[in-house]
Amino acid sequence: QLLKSCCDNKFVAIAMPLSLTKLRNGHRWISLARRPVGSFQVGKLSENKLLTSTIANKFDRFSPLPFSTRNYSSTISFAKDYPSHTIFPMPALSPTMETGTIEKWNLKEGDEFSAGDVLCSIETDKASVDFEAQDDGILAKILQEGVLGQDLTVGTPICIVVEEMKDVEAFVDFVSEEGGKRLTNESAPATTVSESLDLKFSIPASSLNRSVAEEFVLMPSARHLSHSKGVDATVLAGTGKGGRVTKGDVLNALKQGIPMPDLKKATQAPQNETIAPAPTASGPKPVSITDLVHLPLPMIDTDGSYEDFPNNNMRKVIARRLVESKSTVPHFYSSMEVELDNILALRKNLAKNHDVKISVNDLIIRSSALALRDVPEVNATFDPKTNQVSMEDSIDISVAVATPSGLITPIVPKTDRLGLADISSVVRDLAGRARDGKLQPHEYQGGTFCISNLGMFGIDEFSAVINPPQAAILAVGGGTARVVPTPWIDGLEEQEPPRIKTIMTARLSADRRVVDEASAGLFLAAFKHYLTKPNLLIL
C-alpha cells in the first residue's frame with residue numbers, strides 16, 4: 001500500500017513514512033531516511049519496487065528505524081523481496097564504546113539460538129564482551145566477519161536474523177546496502193552530488209555564451225579560490241562581463257553543491273631534462289639526469305628483521321583519551337618521599353608468623369583508601385558538561401593493570417572497608433581476569449580514585465595522567481636504598497650515624513578544578529603517615 005505519491009523531482013522530508021508493509025507480527029512503518037546529511041529523492045515505482053537515489057551520500061551513524069520492536073535492531077525493506085527479517089547492528093556494549101571488533105562468531109549461518117545465547121564475542125575499548133541475544137531466532141546471514149569485522153562503528157549491521165528456517169536460503173547472496181563498514185563524515189571520502197546521480201561534468205562550451213578566450217574565463221579571485229578547493233570552475237556559467245566566472249559564482253556553486261570536476265594535475269617535466277648550471281666563462285659541462293642514473297650506489301646490508309602488528313581498539317582508545325585528558329584537564333603534580341622499611345618489616349612478619357602474603361601494592365592501596373577517608377576532597381569527580389564537582393561517598397579505587405592488549409583499571413569497590421587480606425584477594429582476582437579479558441563492564445567503569453604502580457618494573461618515579469571524570473591519580477615508583485642522615489641533637493657528644501633506608505617516591509596528579517594544592521598536600525601527608533606506621537593498616 002503506497003502512502004506517498006512518488007514522482008520525479010519530488011523531495012521528501014527526512015524520516016517521513018513512504019510505505020506501509022504488513023508483516024506477520026502486525027503493521028510496521030518502514031522509513032528509508034536514516035539521518036543522512038540532506039534529503040533524498042523518490043523515484044518511480046517499477047514492479048512494486050521502491051527505488052531511491054540518495055543525494056547526501058554519507059550516513060553519520062546507523063540508527064534503528066522508528067517503531068522498531070527491538071532497541072538494538074531494525075527491520076528494513078530492500079528493492080529485492082526478502083522474507084521478514086531483522087538486522088542486528090553493532091551494539092554499544094559500554095557507555096564509551098564507539099567502535100568494536102568482532103573476534104569470533106559462536107554460531108554459524110543457519111543455527112538456531114534462544115534468548116541469552118552468545119552470538120559473538122566483541123572486543124570493545126576495554127575488554128572482550130559477549131553479545132547475547134535478547135530473543136529467539138535463526139542466524140540467516142553474517143555480514144561482518146574476519147577483516148570486515150574490524151573497527152566497526154556502533155550501529156553498523158553485523159548479521160541478519162529470521163524466525164523461520166525456510167527463510168535462511170533467501171539471504172545466501174544478501175549484501176548489506178551499507179557495505180562492509182560504516183563510513184563517517186571524518187573518514188569517508190568526499191562524494192559529490194553527481195556521483196550519486198550519475199551526472200556528467202562536461203558542459204558544451206557553446207551553451208555558456210562566452211565572448212572571452214578560454215584562458216581568461218576565470219577572474220583572478222575565482223581562479224585562486226577554485227585552485228584552493230581543487231576544482232575546475234571553468235565549467236560554470238559566469239555572470240561577469242563576457243561570461244567570465246567571478247568569485248561569487250564559485251562560492252554559490254560550492255554552497256549549492258553544483259558538481260565541478262577535479263582540477264587536473266600539471267604535467268610533470270620529462271626525466272631526461274638537463275640540469276644546466278649558470279653560464280660562466282669556463283663552467284663545467286652540464287650533467288644530464290641519465291648520466292646520474294648510472295652512477296654506482298653503495299650496497300647497504302641490514303641484518304635486523306621486524307614485524308608489523310595492527311593496533312587494537314583498546315590502545316587506540318587509551319591514546320585518544322590520554323590526549324583528551326592532557327589537553328582539557330588542568331593537571332598539577334605533588335610529590336613526596338616515603339620510607340618503606342616499616343611496611344617491609346610488617347610483610348615479613350605476616351608471612352612468617354601468620355602465613356599471610358601481602359604485597360607492597362596492597363599496603364599502598366589500603367593507605368590510599370584511609371587517606372581518602374581523611375581527605376574526602378580528593379575523592380571526587382568532575383562533570384565538564386555541568387561544570388560541577390561531585391564529592392563521592394564511596395571510596396572505589398581503580399588499580400592500573402597491564403595486559404597484553406593494553407592498560408585497564410579494574411575497580412576495588414568500597415576499598416576503605418576492606419582489610420589487607422580482602423584487598424589482596426580482590427586485586428589478585430581482578431588482575432587475573434583482566435589479563436584474560438574476562439572482566440565485566442561494571443568492574444572497570446567508574447571509580448573515584450586511581451593508583452598506577454610501576455615499581456615492579458624498576459621505575460623510580462613518574463607522572464601519571466588523570467583518568468576523567470576522576471580528579472586524581474597516584475603514581476607510585478619502586479623503593480630504592482638511600483643513605484639518610486639522622487637528625488642532629490644538641491648536647492649529644494656522639495651523634496647517630498647516617499642510616500640506609502628504602503625510599504619510595506609517590507606523585508599525585510590532580511585536577512586543579514577539583515583539588516587545590518593544600519588538599520593535595522594533606523592527602524600525601526596522610527598517605528605517608530599510614531605507610532610509616534603500618535600497624536594502623538591492620539586495624
Side-chain angles (χ1 to χ4, degrees), residues 92-98 124-127 154 314-336 364-401 406-417 430 434 439-454 462-476 506-527:
L93 299 176
S94 67
T96 59
M97 177 178 171
E98 296 181 358
T124 66
D125 54 348
K126 288 293 186 181
V154 171
M314 182 181 293
R315 295 187 183 277
K316 292 178 183 178
V317 172
I318 291 174
R320 176 169 54 82
R321 290 183 180 172
L322 286 177
V323 173
E324 181 181 355
S325 176
K326 287 291 290 183
S327 59
T328 60
V329 177
H331 288 60
F332 80 94
Y333 308 94
S334 306
S335 301
M336 183 171 287
I364 292 173
I365 295 174
R366 173 68 173 165
S367 301
S368 300
L370 297 180
L372 290 173
R373 186 188 62 183
D374 297 343
V375 188
E377 292 80 7
V378 183
N379 190 56
T381 58
F382 182 81
D383 188 357
K385 295 182 179 179
T386 60
N387 201 28
Q388 291 182 350
V389 178
S390 300
M391 305 295 293
E392 304 295 339
D393 296 331
S394 176
I395 298 176
D396 304 325
I397 295 182
S398 304
V399 182
V401 176
L407 194 68
I408 192 170
T409 54
I411 303 171
V412 181
K414 305 184 186 308
T415 317
D416 58 322
R417 302 181 184 180
L430 290 174
L439 287 178
Q440 298 298 321
H442 69 274
E443 293 178 317
Y444 56 81
Q445 293 176 2
T448 60
F449 187 79
C450 191
I451 297 178
S452 180
N453 188 353
L454 295 181
F462 68 102
S463 301
V465 181
I466 298 173
N467 184 22
Q470 297 176 6
I473 181 173
L474 185 65
V476 180
R507 180 167 299 158
L508 181 71
S509 305
D511 186 346
R512 190 56 181 81
R513 298 169 299 183
V514 182
V515 183
D516 56 15
E517 289 78 5
S519 299
L522 290 175
F523 170 81
L524 289 176
F527 175 74

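If you read the sequence from its start, that first residue is 1, and numbering goes on from there. Being a predicted model, the structure only gives us computed values, none of them experimental.
- The line from OG of S327 to CG of L322 is 10.5 Å long, rounded to the nearest 0.5 Å.
- With sequence neighbours excluded, the residues forming a salt bridge (Lys or Arg N to Asp or Glu O under 4.0 Å) with K316 are D151, listed by chain and number.
- The shortest distance between side-chain heavy atoms of L430 and V399 does not fall below 4.5 Å.
- A donor-acceptor distance shorter than 3.5 angstrom exists from the side chain of Q470 to the backbone of G446, with no hydrogens or angles considered.
- You'll find the side chain of S334 stays beyond 4.5 Å of the side chain of F523, heavy atoms only.
- To the nearest 0.5 Å, atoms CD1 (I473) and CZ (F449) are separated by 8.0 Å.
- Under a 3.5 Å cut-off, the side chain of S519 and the backbone N or O of E377 do not form any donor-acceptor pair.
- Contact detail for A475 and F462: the closest heavy-atom pair is CB-O, 3.3 Å.
- Rounded to the nearest 0.5 angstrom, F527 CZ and L370 CG are separated by 11.0 Å.
- The shortest distance between side-chain heavy atoms of V329 and R513 falls below 4.5 Å.
- Across H331 and S509, no two heavy atoms sit closer than the pair CD2-CB, 4.4 Å.
- Listed here is the closest heavy atom pair of I451 and I365: CD1-CA, 3.9 Å.
- Among residues at least two apart or in separate chains, side chain to side chain donor-acceptor pair (under 3.5 Å) pairs with a member in residues 378-391 are N379-T448, T381-E392, D383-T386.
- The line from NZ of K414 to CD1 of I395 is 10.5 Å long, rounded to the nearest 0.5 Å.
- The heavy-atom pair separating I466 from S325 by the smallest distance is O-OG, 2.7 Å.
- Contact of the N467 side chain with the S398 side chain is not registered, since no non-hydrogen atoms from C-beta on lie closer than 4.5 Å.
- Taking the side chain as every heavy atom from C-beta outward, L372 and D416 never approach each other to under 4.5 Å.
- The main-chain N or O of I364 is found under 3.5 Å from a side-chain atom of S368 such that the two form a donor-acceptor pair.
- T409 OG1 to Y444 OH: the interatomic distance, rounded to the nearest 0.5 Å, is 10.0 Å.
- Heavy atoms from other residues, nucleotides or ligands lying under 6.0 Å from CZ of R417 number 12 at most.
- Smallest separation of non-hydrogen atoms from P376 and M391: O-CE, 3.1 Å.
- Annotation: the span from I397 atom CD1 to R366 atom CZ amounts to 10.0 Å, rounded to 0.5 Å.
- Residue pairs meeting the salt bridge (charged side-chain N to carboxylate O under 4.0 Å, His left out) criterion with at least one member in residues 323-332: none, sequence neighbours excluded.
- The shortest non-hydrogen separation linking V389 to F382 is CG2-CD1, 3.8 Å.
- Side-chain contact between E443 and P410 is absent, with no heavy-atom pair separated by less than 4.5 Å.
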